[in-house]
Amino acid sequence: MRCIQLINKLASEYQNITGKTHLPLPASSNEMQQMVSIFEKKMAYHPGSEYLNFLSHWNGLSLDGIVIFKTGRDSNGHGYDGFIEANEAFWKDDDLKRFICYGEDDTSRLVFNLTKNTWQLVDRTSWDEIDNFESFDDALCSLLEVHA
């Protein structure tokens with residue numbers, strides 16, 4: 001995963017400014033298996049190996065306005081939305097069922113477009129395409145580079 005250095009750089013800069021470190025622990029294999037199982041049952045898609053690789057480093061990310069969805073809310077229902085909860089909310093709109101959303105910042109969302117079979121950054125409001133990518137990692141790095 002080539003974004004590791006960029007994430008660490010952003011986290012270090014954030015810590016220098018706020019005094020807080022914001023990188024979560026990795027998701028456990030049980031958390032990932034449970035999320036995959038539920039997502040496949042509810043949405044009939046697999047979340048993707050690159051996203052699972054990201055979760056093996058950090059269970060989600062909330063850093064400098066960027067949110068990458070984690071496996072789920074904690075046992076008390078706290079924290080930012082998990083991957084399943086976010087996509088369930090988006091899929092209430094039939095037009096958005098062509099996307100699996102993995103994260104967002106204040107202007108865009110990182111998605112996999114199911115109809116075009118490609119990774120994209122889309123406008124956060126209109127869901128119009130901003131850019132296409134070969135992989136989750138490429139799309140994530142592009143999203144992070146805007147904030148670096």
Side-chain angles (χ1 to χ4, degrees), residues 1-14 22-75 77-148:
M1 176 179 231
R2 70 181 181 89
C3 293
I4 290 175
Q5 289 178 334
L6 190 52
I7 290 169
N8 287 330
K9 176 183 180 241
L10 286 169
S12 177
E13 290 171 359
Y14 183 83
H22 235 343
L23 291 179
L25 296 172
S28 70
S29 60
N30 185 47
E31 288 172 313
M32 287 191 281
Q33 289 171 352
Q34 194 172 28
M35 181 205 66
V36 168
S37 176
I38 293 168
F39 192 76
E40 286 178 336
K41 285 178 188 169
K42 289 185 174 197
M43 310 301 218
Y45 290 100
H46 186 277
S49 59
E50 288 182 280
Y51 175 61
L52 296 178
N53 182 41
F54 170 85
L55 292 174
S56 74
H57 293 277
W58 306 283
N59 190 2
L61 186 66
S62 179
L63 181 65
D64 195 29
I66 301 166
V67 172
I68 304 301
F69 303 127
K70 59 185 184 174
T71 54
R73 291 181 177 267
D74 67 23
S75 59
H78 296 109
Y80 50 93
D81 277 347
F83 178 69
I84 296 168
E85 296 92 348
N87 281 285
E88 284 179 322
F90 297 137
W91 279 30
K92 288 178 183 176
D93 180 338
D94 285 339
D95 191 46
L96 299 182
K97 289 183 178 179
R98 61 192 162 117
F99 298 110
I100 298 175
C101 188
Y102 293 84
E104 60 195 7
D105 67 7
D106 56 342
T107 62
S108 59
R109 298 184 197 276
L110 190 163
V111 302
F112 185 78
N113 186 319
L114 297 164
T115 57
K116 294 184 177 182
N117 200 34
T118 189
W119 293 95
Q120 296 179 323
L121 289 181
V122 297
D123 182 84
R124 184 179 170 128
T125 306
S126 68
W127 293 77
D128 291 335
E129 178 183 317
I130 296 171
D131 207 349
N132 287 297
F133 301 92
E134 293 291 318
S135 67
F136 170 82
D137 196 47
D138 289 343
L140 177 59
C141 287
S142 179
L143 183 66
L144 294 167
E145 286 166 353
V146 171
H147 296 267

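Numbering of residues begins at 1 and proceeds along the displayed sequence.
The side-chain contact (heavy atoms from CB on, under 4.5 Å) check on Thr115 picks up Arg98, Asn113, with sequence neighbours excluded. For Ser135, the side-chain hydrogen bond (donor to acceptor under 3.5 Å, both in side chains) partners at least two apart in sequence or on another chain are Asp138. Among residues two or more places apart in sequence or in another chain, the side-chain contact (heavy atoms from CB on, under 4.5 Å) test is passed with Ser49 by none. Thr107 pairs by the side-chain hydrogen bond (donor to acceptor under 3.5 Å, both in side chains) definition with Asp105, not counting sequence neighbours. Residues forming a disulfide bond (SG atoms under 2.5 Å apart) with Cys101 (at least two apart in sequence, or on another chain): none. Among residues two or more places apart in sequence or in another chain, the side-chain hydrogen bond (donor to acceptor under 3.5 Å, both in side chains) test is passed with Ser29 by none. Scored by the side-chain hydrogen bond (donor to acceptor under 3.5 Å, both in side chains) test, Asp106 finds no partners at all (sequence neighbours excluded). Not counting sequence neighbours, Trp91 has no partner by the ring pair (Phe, Tyr, Trp, His ring centres under 6.0 Å) test.
Applying the salt bridge (Lys or Arg N to Asp or Glu O under 4.0 Å) test to every pair with at least one member in residues 108-127, sequence neighbours left out, gives these pairs: Glu104-Arg109, Glu104-Arg124, Lys116-Glu129. Among residue pairs with one or both ends in residues 99-120, those qualifying as ring-ring contact (aromatic ring centres under 6.0 Å, His included) are Tyr51-Tyr102, Phe83-Tyr102, Phe99-Trp127, Tyr102-Trp119, Tyr102-Phe136, Phe112-Trp119, Trp119-Phe136; sequence neighbours excluded.
Within the model, atoms CG of Leu61 and CG of Leu144 stand 7.0 Å from one another, a figure rounded to the nearest 0.5 Å. In this structure, CG on Leu25 lies 13.5 Å from NE2 on His57, to the nearest 0.5 angstrom. Note that SG of Cys141 and CD of Gln5 are 10.0 Å apart. Values are rounded to the nearest 0.5 Å. How far CG of Asp137 is from OG of Ser142: 11.5 Å, rounded to the nearest 0.5 Å. For the atom pair CG of Asn87 and NZ of Lys92, the computed distance is 12.5 Å after rounding to the nearest 0.5 Å.
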In residues 30-41, what donor-acceptor pairs under 3.5 Å come from side-chain atoms, sequence neighbours left out?
{"unit_1": "Glu31", "atom_1": "OE1", "unit_2": "Ser28", "atom_2": "N", "d": "2.7"}
{"unit_1": "Glu31", "atom_1": "OE1", "unit_2": "Ser28", "atom_2": "OG", "d": "3.4"}

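Proximity of Met43 to Ile100: side-chain heavy atoms (C-beta onward) are nowhere separated by under 4.5 Å. The shortest distance between side-chain heavy atoms of Leu52 and Leu55 falls below 4.5 Å. Under the 4.5 Å side-chain criterion, counting only non-hydrogen atoms from C-beta, Phe54 is in contact with Ile7. Residues Leu121 and Leu110 have side chains in contact (heavy-atom distance under 4.5 Å, counting atoms from C-beta outward).
Considering every non-hydrogen atom in both Ser108 and Ile130, the closest pair reads CB-CD1, 3.8 Å. Smallest separation of non-hydrogen atoms from Gly60 and Pro24: O-CG, 2.9 Å.
A donor-acceptor pair under 3.5 Å is formed between the side chain of Ser56 and the backbone N or O of Asn53.
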